[in-house]
Amino acid sequence: MKTVLITGATSGIGFQLAKDYANSGCKVFACGRNTQRLLELTETYPSLHPLVFDLTDHKATTETLSQIDSIPDLWILNAGDCEYIDSGKLDALLVKRVFDINVIGLTNAIEACQQFFARGQRLAIVGSIASEVALPRAEAYGASKAAVSYLARTLQLDLKSQGIGVSIIYPGFVKTPLTDKNSFQMPMLISPERASLEIREGLAKGKSHIYFPKKFTTILRLIGALPYRWQNALTAKLLAQG
């Protein structure tokens with residue numbers, strides 16, 4: 001039986017991934033802060049094992065992940081959050097909150113998990129296509145996901161010699177409780193079921209970079225290759241067309 005560990009498993013993409021991997025016969029360590037949501041999952045999926053802790057708490061993350069009773073073949077570090085900046089007025093505490101979960105929380109998880117890393121395993125890190133191009137109001141979120149992308153790409157280099165594959169996942173807009181808070185048009189919005197399928201298929205193929213939806217993420221990647229002045233103009237136009 002394949003063993004999978006998933007952070008951020010109580011909502012959105014992580015919640016769907018936990019269900020889908022459990023349905024496929026995998027043993028799943030589902031990590032999150034919402035105890036009730038995790039207990040509901042375990043009632044439906046006997047192969048799912050809840051791990052309740054806060055990723056931003058270094059001690060709790062280390063202690064909880066050190067106690068897993070079987071070593072995962074696949075680590076999916078998915079937990080994250082988004083808060084927006086209005087009118088370019090920076091809020092340092094807001095930025096800190098976003099970085100604490102998206103970057104520091106991710107790092108806490110990797111540090112705690114790395115004692116179990118072994119040849120043949122795969123580490124999957126969920127970033128965002130927002131890391132590829134500047135988007136309105138995304139000063140905190142986009143910057144945090146740019147840091148995640150850089151961190152993951154360096155891990156690809158450093159863990160390769162150990163036989164550990166690293167996959168970086170770059171979703172576009174996915175309908176989740178997080179994006180439900182958005183008040184703007186979200187081009188090519190997809191379901192969490194579709195996102196889970198894209199991720200699982202990409203990981204099964206050993207892809208190092210997983211982008212979806214294909215059309216939207218390709219457009220943004222092409223925009224990201226242009227001079228910054230052109231990027232801003234084209235991004236504004238693309239989002240206006242929503």
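Everything numeric here is computed off the predicted structure, so don't read it as measured data. Worth knowing before you read on, the calculation uses all heavy atoms, side chains too, and leaves out hydrogens, waters and symmetry mates.
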(request) Assess whether side-chain contact (heavy atoms from CB on, under 4.5 Å) is satisfied between Val52 and Leu38, documenting all intermediate values. (result) CA-CA 8 Å; Val52 183; Leu38 287 176; 3.6 Å; yes
(request) Before accepting this row, confirm whether a basic side-chain N of the pair Arg137/Asp86 lies closer than 4.0 Å to the acidic partner's carboxylate O. (result) yes
(message) Please say yes or no: joined through hydrophobic side-chain contacts below 4.5 Å, possibly via intermediate residues, are Leu135 and Val95 part of one cluster?
(response) no
(request) Output the distance between atom CG (Asn102) and atom SG (Cys82), rounded to the nearest 0.5 Å. (result) 8.0 Å
(request) Check ring pair (Phe, Tyr, Trp, His ring centres under 6.0 Å) between Phe117 and all other residues, then give those that pass, not counting sequence neighbours. (result) Trp75
(request) Could you tell me whether Lys205 and Glu201 have a side-chain N and a carboxylate O separated by less than 4.0 Å? (result) no
(request) Begin from the C-alpha positions of Ser11 and Thr176 and carry the test side-chain contact (heavy atoms from CB on, under 4.5 Å) through to its verdict. (result) CA-CA 7 Å; Ser11 180; Thr176 67; 5.5 Å; no
(message) Any salt bridge linking Asp158 with Arg153? Criterion: basic side-chain nitrogen under 4.0 Å from a carboxylate oxygen.
(response) no
(request) Using the rule that two of Ile, Leu, Val, Met, Phe, Trp, Tyr join whenever any of their side-chain heavy atoms come within less than 4.5 Å, decide whether Leu93 and Leu90 are in one cluster. (result) no
(message) Between Glu198 (side chain only) and Glu193 (backbone N and O only), is there a donor and an acceptor less than 3.5 Å apart?
(response) no
(request) May I have all residue pairs that pass salt bridge (Lys or Arg N to Asp or Glu O under 4.0 Å) and include part of residues 4-21, sequence neighbours excluded? (result) Asp20-Arg200
(message) Checking Ser47 now: which residues fulfil side-chain hydrogen bond (donor to acceptor under 3.5 Å, both in side chains) with it, not counting sequence neighbours?
(response) none
(request) Nearest 0.5 Å please: distance from the CG atom of Leu197 over to the CD atom of Gln16. (result) 10.0 Å
(request) Over all heavy atoms of both residues, which pair between Ala18 and Ala9 is shortest? Give the atoms and the distance, please. (result) CB-CB, 4.3 Å
(request) Please identify each residue that fulfils side-chain hydrogen bond (donor to acceptor under 3.5 Å, both in side chains) with Asp54, with sequence neighbours left out. (result) Thr56
(message) Per the ring-ring contact (aromatic ring centres under 6.0 Å, His included) rule, what does the pair list look like for residues 3-23, sequence neighbours excluded?
(response) none
(message) How long is the straight-line distance from OH of Tyr150 back to CG of Leu155, given to the nearest 0.5 Å?
(response) 11.5 Å
(request) Report yes if some heavy atom in the side chain of Leu203 is under 4.5 Å from a heavy atom in the side chain of Arg122; otherwise report no. (result) yes
(request) Answer yes or no: is there a side-chain heavy-atom contact under 4.5 Å between Phe116 and Ile68? (result) yes
(request) Over all heavy atoms of both residues, which pair between Gly14 and Ile6 is shortest? Give the atoms and the distance, please. (result) O-CG2, 4.0 Å
(request) State which residue, out of Leu123, Val148, Val126, fulfils the side-chain contact (heavy atoms from CB on, under 4.5 Å) condition with Leu77. (result) Leu123
(request) For the pair Asn78 (side chain) and Ile125 (backbone), establish whether a donor and an acceptor sit closer than 3.5 Å, ignoring hydrogens and angles. (result) no
(request) Output, in order, the C-alpha distance, side-chain angles, deciding distance and verdict of side-chain contact (heavy atoms from CB on, under 4.5 Å) for Gln67 and Leu65. (result) CA-CA 5 Å; Gln67 296 170 9; Leu65 294 181; over 6 Å; no
(request) Flag yes if Leu39 and Leu48 sit in one hydrophobic cluster, no otherwise; membership is Ile, Leu, Val, Met, Phe, Trp, Tyr, and two members link when side-chain heavy atoms are under 4.5 Å apart. (result) no
(request) For Glu132, enumerate each residue passing the salt bridge (Lys or Arg N to Asp or Glu O under 4.0 Å) test, keeping only those at least two apart in sequence or located in another chain. (result) none
(request) Go through the structure and list residues passing ring pair (Phe, Tyr, Trp, His ring centres under 6.0 Å) with Tyr211, not counting sequence neighbours. (result) Tyr170
(request) Enumerate the residue pairs fulfilling side chain to side chain donor-acceptor pair (under 3.5 Å) with a member in residues 108-117, sequence neighbours excluded, ordered by first and then second residue. (result) His58-Glu111, Ser66-Gln115
(request) May I have all residue pairs that pass ring-ring contact (aromatic ring centres under 6.0 Å, His included) and include part of residues 22-41, sequence neighbours excluded? (result) Phe29-His49
(message) Taking atom CZ as the centre, does Arg33 end up with more than 12 heavy-atom neighbours from other residues, nucleotides or ligands that are less than 6.0 angstrom away?
(response) no
(request) Test Val103 against Leu151 for side-chain contact (heavy atoms from CB on, under 4.5 Å), laying out the working first. (result) CA-CA 9 Å; Val103 182; Leu151 173 65; 5.5 Å; no
(request) Might you point out which heavy atoms bring Ala140 and Ile85 nearest each other, and give the distance in Å? (result) N-CG1, 4.3 Å
(request) Name all residues meeting the side-chain hydrogen bond (donor to acceptor under 3.5 Å, both in side chains) criterion together with Glu43; count only those two or more places apart in sequence or in a different chain, and write none if there are none. (result) none
(request) Spell out, as yes or no, whether a donor-acceptor pair under 3.5 Å connects the side chain of Ser128 to the backbone of Ala130. (result) yes
(message) Going by ring pair (Phe, Tyr, Trp, His ring centres under 6.0 Å), name the residues that satisfy it together with Tyr45, two or more places apart in sequence or in a different chain.
(response) none
(message) Quick check: is Ile101 connected to Phe53 through a chain of hydrophobic side chains (ILVMFWY, heavy atoms under 4.5 Å apart)?
(response) yes
(request) Taking the side chain as every heavy atom from C-beta outward, state whether Ile210 and Phe212 have any pair of such atoms under 4.5 Å apart. (result) yes
(message) Could you see if Leu5 belongs to whatever hydrophobic cluster contains Ile76? Use Ile, Leu, Val, Met, Phe, Trp, Tyr and a side-chain cutoff under 4.5 Å.
(response) no
(message) Testing the basics here: between Ala118 and Ile164, what is the closest heavy-atom pair and its distance to 0.1 Å?
(response) O-CG1, 3.5 Å
Would you list the atom pairs, donor with acceptor, under 3.5 Å between side chains in residues 214-228 and any protein atom, with sequence neighbours excluded?
unit_1	atom_1	unit_2	atom_2	d
Thr217	OG1	Pro213	O	2.8
Thr217	OG1	Lys214	O	3.3
Thr218	OG1	Lys214	O	2.6

(request) Give, for atom CD1 of Ile199 and atom NZ of Lys207, the distance between the pair rounded to the nearest 0.5 Å. (result) 12.0 Å
(request) Drop me the distance from Ser144's OG to Asp81's CG, to the nearest 0.5 angstrom. (result) 9.5 Å
(message) When you compare the side chain of Ile168 with that of Gln156, does any pair of heavy atoms fall below 4.5 Å?
(response) yes
(request) Indicate the atoms forming the closest heavy-atom contact of Ala22 with Val28, along with that distance. (result) N-CG2, 3.7 Å
(message) Could you check whether any side-chain heavy atom of Ile190 comes within less than 4.5 Å of a side-chain heavy atom of Lys175, counting everything from C-beta outward?
(response) no
(request) Determine the minimum heavy-atom distance between Thr7 and Ala79, stating which atoms define it. (result) OG1-N, 3.2 Å
(message) Quick check for you: to the nearest 0.5 Å, what is the distance between Asp73 atom CG and Lys27 atom NZ?
(response) 11.0 Å
(message) For a salt bridge (Lys or Arg N to Asp or Glu O under 4.0 Å) check, start with the C-alpha distance between Asp91 and Lys96, then their side-chain angles and the critical distance, and finish with the verdict.
(response) CA-CA 9 Å; Asp91 178 336; Lys96 182 179 184 301; over 6 Å; no
(message) Do Ile71 and Thr3 make a side-chain contact, defined as non-hydrogen atoms from C-beta onward lying under 4.5 Å apart?
(response) no
(request) Would you indicate whether the side-chain heavy atoms of Ile104 and Leu55 approach each other to under 4.5 Å? (result) no
(message) Any non-hydrogen side-chain atom of Leu189 less than 4.5 Å from a side-chain atom of Val174?
(response) no
